[in-house]
Undergrad: 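Structure provided below as structure tokens; questions to follow.
Keep in mind the model is a prediction, meaning the values are calculated, not measured. Throughout, residue positions are numbered sequentially from 1 according to the sequence presented.
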Amino acid sequence: MEWNIVTLDEVDSTNEYAKRIASEVPEGTVVVARRQTAGKGRRGRRWASPEGGLWFSVILKPPRVDPRLVFVGALGVTDLLRDFGVSAGIKWPNDVWVEGRKIAGILTEGKANEYVILGIGLNVNNPIPEELEKTATSMSTLLGREIPLEVVLQRLLEHLSRWYGLFLKEPGRVVEEVRKRTFILGRPVVVITGEKVLRGRAVDVLDDGSLLVETPEGPVKILYGDVSLRIPEMDTIEQKG
Ligand code: ATP
Ligand code: BTN
């Protein structure tokens, strides 16, 4: 993949910026910003994006919009962290965690037959806001030193190239790897979808990317989307890496 990097000082959200230019630029255009004033997670939640973190969005033009594209981001980030000696796990469907804390989040947004925006937020050298101190971490906190953002971006893009290539050819193999790197399988989970709350045990990530949860009423398939996943025993989880 040929990357064409657009660097901004400040932007509302790199995902929003990418959506604004997506139809006029080629696939592989990457929008990266030093800070975002309205960085967002799923369901419009805020994503803290002060200077020092890696906040970027990749414009992809796959043959079809596929929810499994979020895994390309999660796998790329776990590979990147491994390059730095950090063992990370995937919290299905869109988070990367280290030692029980969130270090990165991925937000995909797409327009059918046009584009998919793969937005990645990775805490690198940025401060962690006080209200997230117990739930978030960063590369510099874990490594005890600052890491040049250009190096992190370059390496991460290499990993994304590889996973995106595999995704286009054999999406099943991408899911297979997510299955290996997620730390939720076998764990009790609470799934919150809108007003519904479901309790059970996460048992598998299915080939279509959905999560299979075993409940007292039988198996339930959870689609990637507006679901919030809680893992009550999170504190005791040993993550795979
Ligand atoms: P959950 O399944 O726990 O609801 P989620 O992936 O659905 O998680 P999102 O709404 O997608 O959550 O992500 C936004 C959330 O991530 C915020 O509500 C906040 O708790 C957390 N967050 C915001 N900024 C950061 C950051 N820089 N690093 C780590 N976590 C953050
Ligand atoms: C999540 O955890 O739900 C996803 C967080 C995604 C944050 C990234 S930062 C770059 C891109 N721009 C945004 O506004 N969001 C994504």
Side-chain angles (χ1 to χ4, degrees), residues 1-22 25-41 47-62 69-88 90 94-98 101-109 115-128 136-167 174 177 181 241:
M1 169 80 68
E2 276 284 306
W3 302 111
N4 163 36
I5 302 176
V6 179
T7 308
L8 308 169
D9 223 38
E10 186 175 285
V11 72
D12 48 355
S13 146
T14 56
N15 265 36
E16 289 303 316
Y17 189 96
K19 279 196 271 180
R20 295 195 283 268
I21 63 167
V25 298
E27 176 173 61
T29 301
V30 177
V31 180
V32 53
R34 277 184 242 288
R35 45 184 186 275
Q36 300 183 111
T37 53
K40 55 177 190 167
W47 181 260
S49 322
E51 210 158 316
L54 184 60
W55 327 122
F56 72 104
S57 302
V58 178
I59 297 169
L60 299 173
K61 303 198 172 179
L69 269 164
V70 73
F71 298 152
V72 167
L75 290 168
V77 171
T78 48
D79 277 348
L80 176 274
L81 290 169
R82 187 181 295 178
D83 291 344
F84 283 87
V86 173
S87 171
I90 298 172
N94 71 322
D95 290 349
V96 178
W97 288 53
V98 177
R101 288 163 196 257
K102 183 160 164 175
I103 192 165
I106 295 111
L107 178 67
T108 48
E109 298 183 82
Y115 59 78
V116 171
I117 310 295
L118 178 64
I120 300 184
L122 171 64
N123 297 321
V124 184
N125 307 314
N126 55 293
I128 301 293
T137 190
S138 68
M139 288 181 74
S140 64
T141 306
L142 293 163
L143 298 171
R145 64 186 160 93
E146 297 221 334
I147 303 103
L149 283 182
E150 326 75 73
V151 175
V152 178
L153 177 62
Q154 216 49 57
R155 285 216 150 194
L156 182 44
L157 288 175
E158 282 165 26
H159 290 303
L160 294 178
S161 259
R162 210 163 27 79
W163 287 115
Y164 183 53
L166 185 62
F167 169 83
V174 168
E177 199 55 35
R181 297 190 196 184

Undergrad: Of all residues at least two apart in sequence or in a different chain, which pass the side-chain hydrogen bond (donor to acceptor under 3.5 Å, both in side chains) check with T137?
TA: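 Not a single residue meets the side-chain hydrogen bond (donor to acceptor under 3.5 Å, both in side chains) criterion with T137.
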Undergrad: Listed by chain and number, what are the salt bridge (Lys or Arg N to Asp or Glu O under 4.0 Å) partners of E27, not counting sequence neighbours?
TA: none
Undergrad: Rounded at 0.5 Å granularity, tell me how far CD in E177 sits from CH2 in W163.
TA: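 Here the rounded value is 4.5 Å.
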Undergrad: Identify the two heavy atoms, one from S57 and one from G119, that lie closest to each other, and give their separation to 0.1 Å.
TA: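 Reported closest heavy-atom pair: OG-CA, 3.8 Å.
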Undergrad: Side-chain contact test, heavy atoms from C-beta onward, threshold under 4.5 Å: evaluate it for I90 versus L75 and give yes or no.
TA: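 They are in side-chain contact.
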Undergrad: State which residues pass side chain to side chain contact (heavy atoms under 4.5 Å, CB included) with D12; sequence neighbours excluded, sorted by chain then number.
TA: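 Applying side chain to side chain contact (heavy atoms under 4.5 Å, CB included) to D12 gives E16, R20, T37, A38.
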Undergrad: Measuring from atom CZ of F71 to atom CG of L69, what distance do you get when rounded to the nearest 0.5 angstrom?
TA: 10.0 Å
Undergrad: Quick one: does T29's side chain have a donor or acceptor within less than 3.5 Å of a partner on N4's backbone?
TA: no
Undergrad: Do the non-hydrogen side-chain atoms of W55 and N123 ever get within less than 4.5 Å of each other?
TA: yes
Undergrad: Identify the two heavy atoms, one from V96 and one from A74, that lie closest to each other, and give their separation to 0.1 Å.
TA: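 Of all heavy-atom pairs spanning V96 and A74, the closest is CG2-O, 4.0 Å.
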Undergrad: Is there side-chain contact between L153 and I5, with heavy atoms separated by less than 4.5 Å?
TA: yes
Undergrad: Can you see which heavy atom on Y164 is nearest to which on V72, and at what distance?
TA: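 Result for this residue pair: N-CG1, 3.9 Å.
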Undergrad: Any heavy-atom pair between the side chains of V31 and I21 that's under 4.5 Å?
TA: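 Side chain of I21 against side chain of V31, heavy atoms only: contact under 4.5 Å found.
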Undergrad: Is the shortest side-chain heavy-atom distance between R145 and I147 below 4.5 Å?
TA: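 SC-SC contact between R145 and I147 confirmed.
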Undergrad: Hey, what do you get for OG1 (T78) to CD1 (I103), rounding to the nearest 0.5 Å?
TA: 11.5 Å
Undergrad: Could you state the interatomic distance from OG1 (T108) to CD1 (I106), rounded to the nearest 0.5 Å?
TA: 9.0 Å
Undergrad: Do you know which two heavy atoms are closest between I120 and G73, and how far apart they sit?
TA: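 Reported closest heavy-atom pair: CD1-CA, 4.0 Å.
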Undergrad: Going by heavy atoms in the side chains, are H159 and R82 under 4.5 Å from each other?
TA: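 Heavy-atom side-chain distance check fails, nothing below 4.5 Å.
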Undergrad: Quick one: pull up CG in N15 and CG in L107 and give me the separation to the nearest 0.5 Å.
TA: 5.0 Å
Undergrad: Which pair of heavy atoms, one from G52 and one from V124, lies closest together, and at what distance?
TA: O-CB, 3.6 Å
Undergrad: Is there side-chain contact between S161 and W3, with heavy atoms separated by less than 4.5 Å?
TA: yes
Undergrad: Can you sort out the partners of E51 under salt bridge (Lys or Arg N to Asp or Glu O under 4.0 Å), two or more places apart, ordered by chain and number?
TA: R35
Undergrad: Can you sort out the partners of E150 under salt bridge (Lys or Arg N to Asp or Glu O under 4.0 Å), two or more places apart, ordered by chain and number?
TA: none
Undergrad: With V30 as reference, evaluate L160, T7, L157, T14 under the side-chain contact (heavy atoms from CB on, under 4.5 Å) test and give the passing residue.
TA: L157
Undergrad: As an exercise, state the distance from CG of D79 to CZ of F84, rounded to the nearest 0.5 Å.
TA: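 That separation rounds to 12.5 Å.
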Undergrad: Not counting sequence neighbours, which residues clear salt bridge (Lys or Arg N to Asp or Glu O under 4.0 Å) with K102? List them please.
TA: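 Counting only residues at least two positions away or on another chain, K102 forms a salt bridge (Lys or Arg N to Asp or Glu O under 4.0 Å) with D95.
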Undergrad: Can you tell if the side chain of I117 reaches within under 4.5 Å of the side chain of I59, non-hydrogen atoms only?
TA: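 Sidechains of I59 and I117: in contact.
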Undergrad: Kindly give the heavy-atom pair with the smallest separation between G28 and M1, and that separation in Å.
TA: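 Looks like CA-SD, 3.8 Å.
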